[in-house]
Amino acid sequence: MRRKGEMSLRERTAARLEEATTPALTVHKRRKPAEYFYWAVLILCAYSLIRFVSTSENLRLDLVGSYLFSQPILDGVKITLFLTTVGMLGGTVLGVLLAVMRISSSPVLRATSAAAVYASRSIPLLVQLLFWYFLASIIPKISISIPFGPEIWSADTNVLIGQIPAALIALSLFGAGYMAEIIRSGIIAIDPGQVEAAASIGMAKGMIFRRVIMPQAVRIIIPPTINQFVSILKYSGIVMFIGVGDLMYQVQAIYGQNFQQIPLLIVATIWYGVMTGVLTIAQHMMEKKLNGEPLRRRRGSSVRKEEAMG
Amino acid sequence: MAPAAVRVRGLHKSYGDIEVLKGIDLDVPPGSVVCILGPSGSGKSTLLRCINRLEVPEQGTVQVGDQYMGFSRNGNRLTELSDKALARQRVTAAMVFQRFNLFAHKTALENVMEGPVNVLRRDRKETREQALQLLAKVGLADRADHSPAQLSGGQQQRVAIARALAMKPAVVLFDEPTSALDPELVGEVLTVMTDLATAGLTMVVVTHEIDFARSVADNVVFMDGGKILEQGSPDQVLVHPSHDRTKEFLKRVL
Ligand SMILES: Nc1ncnc2c1ncn2[C@@H]1O[C@H](COP(=O)(O)OP(=O)(O)O)[C@@H](O)[C@H]1O
Ligand SMILES: [Mg+2]
């Protein structure tokens, strides 16, 4: 486009003439009739729901209020939080290990990792849970001994792997495969040039991983990790099958006696919702903090960036 | 005779069935600048990457100073180094990449300090002073706290040069340092490199900048198909080439 100063006299005259002869225009936003329809449907649904909730005699919302902060429910929330946090931690530690093995130069470690990830992802959580819980039936005693030598330490499997340890082992192993894949995808997203540059200034593999790969990979890893955290939070409810007193277990124990299933399921839903909300907020805060640092501002390749700057 | 800063003997490198380097011999005297020219795919990058052993050659040796890259010498025995010892040895042959490869999560200053502080375990405060001096040397004193994304390509490449120099290497390997730059940014990088050459830095430069090679190089090497076709003074190779392939190549790039 030419600038105004470059217009010829004739062009300028023509432009002025057009300005003078163009009628004053007003701008109107496009109508969106569908939007009104959506509103109508939404209001109708909300109205029906509110009317049902407020008039139904079977739905005892008052029970929701009275059970929400009752002791058994709070105890259940505590156990659920504990199982989720520790299980997630275990899964993450194992996941990092598997991811590092997967990118190592040793074919043995790579194959072992791939097999472990496959097992972790393919064995259903419930199967894992019951397996570890009933381990004592096939291995009654666990012992550590010097090969072909004397025993150093031993314990009853039943005592060692009770309900909670079985639940933690199952959740950790179940999460490990997913976490390994999440971490691996974060690692392979890093430009190989970063690794070469690090190697060229004398960094060994471990240092490259800690100082160059991981600090950049976390940004990619965080959102799916929180997602996984939320999944494990809800999956943890399965531990009621081996009698661990988590939130779902307590809810069932109560409605098993008073038959108020729906109000108690609402209680559980509220608590799961609160915990998921906390994790979501934590995710946003972490992303915001990391976005403040250099990498995020980089869009596309550094060369493209440079073109954009002029 | 002074030992060569870099001495390459009988280097062979293949990727699968394809032999990319077919027996390379090269000497780089201390304080000299060697420019490597050649068509794309002739093995120039592979040669540089074999010198600092980012790639492991199947055959041949590379000496940087008195060290055999990748090996420790005991009499006439060369024993392969551990990954860690090899990493440490790479410091002697620093590299400047076509795509800069600055650490994206670090500022310019942190990029320059990263090696000395974490690899050489130098004092952080002293290193900071030296890093700032190096940034000043490449004309970027006022960009120390910028992240790579906030720097132009030319500026990023100059930071990358400072990062390489911070390791006090015996030789700096440049792999097409200006090929990813917009034409108007090429000059600022070549100026820095010319200054370094004048100051006596030993440099091996893969480049298509014939003018730079003519005015700065002590030796010019022409590679084609994994071999060195000819080498000599800039005048010999660039002005009076003896090989048809060299003549053809020069006609195309000039
Ligand atoms: N990692 C690799 N795997 C397989 N082939 C490669 C690899 N790196 C380079 N090559 C091949 O080796 C040849 C020489 O490459 P290179 O040294 O990059 O050439 P130049 O730098 O002279 O353009 C090319 O044919 C290229 O395709
Ligand atoms: Mg190349």
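By convention in this document, chain letters (A, B, ...) are assigned in the order of the sequence lines, proteins followed by strands, and residues within each chain are numbered from 1. Source: prediction; values computed, not measured.
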Point to revise | Interchain contact, B/Phe97 with chain A, by part (heavy-atom threshold 4.5 Å) | key: side chain
Review point. Minimum heavy-atom separation for A/Gly202 to B/Val119, with atom names?
Key: O-CG1, 3.5 Å
Study note, to complete from the structure: Note: B/Val91 and A/Ile201 closest approach over all heavy atoms is CG2-O, 3.9 Å
Check your understanding: Are the side chains of B/Met95 and A/Glu196 in touch, meaning some heavy atoms are under 4.5 Å apart?
Key -> no
Study note, to complete from the structure: Heaviest contributor of heavy-atom pairs below 4.5 Å to chain B, chosen from A/Ser105, A/Gly206, A/Pro192, A/Ser200, is A/Ser200
Point to revise | Heavy-atom check, side chain of A/Arg211 versus side chain of B/Lys106, under 4.5 Å | key: yes
Review point. Quick check: are there more than 12 heavy atoms from other residues, nucleotides or ligands sitting under 6.0 Å from CZ of B/Arg124?
Key: no
Review point. Which heavy atom of A/Gln194 sits nearest a heavy atom of B/Leu102, and at what distance?
Key: NE2-O, 2.7 Å
Study note, to complete from the structure: In short, B/Ala104 meets A/Gln216 closest at the heavy-atom pair CB-OE1, 3.7 Å
Review point. Under a 4.5 Å heavy-atom cutoff, which of B/Lys84, B/Arg88, B/Arg49 has the most pairs with chain A?
Key: B/Arg49
**Study point:** A/Pro215 versus B/His105, closest heavy-atom pair with distance
**Key:** CB-CD2, 3.5 Å
Review point. For A/Met203, is it the side chain, the backbone, both or neither that has a heavy atom under 4.5 Å from a heavy atom of chain B?
Key: both
Study note, to complete from the structure: Comparing B/Ala85, B/Ala87, B/Ala166 against chain A, the one with the most heavy-atom pairs below 4.5 Å turns out to be B/Ala87
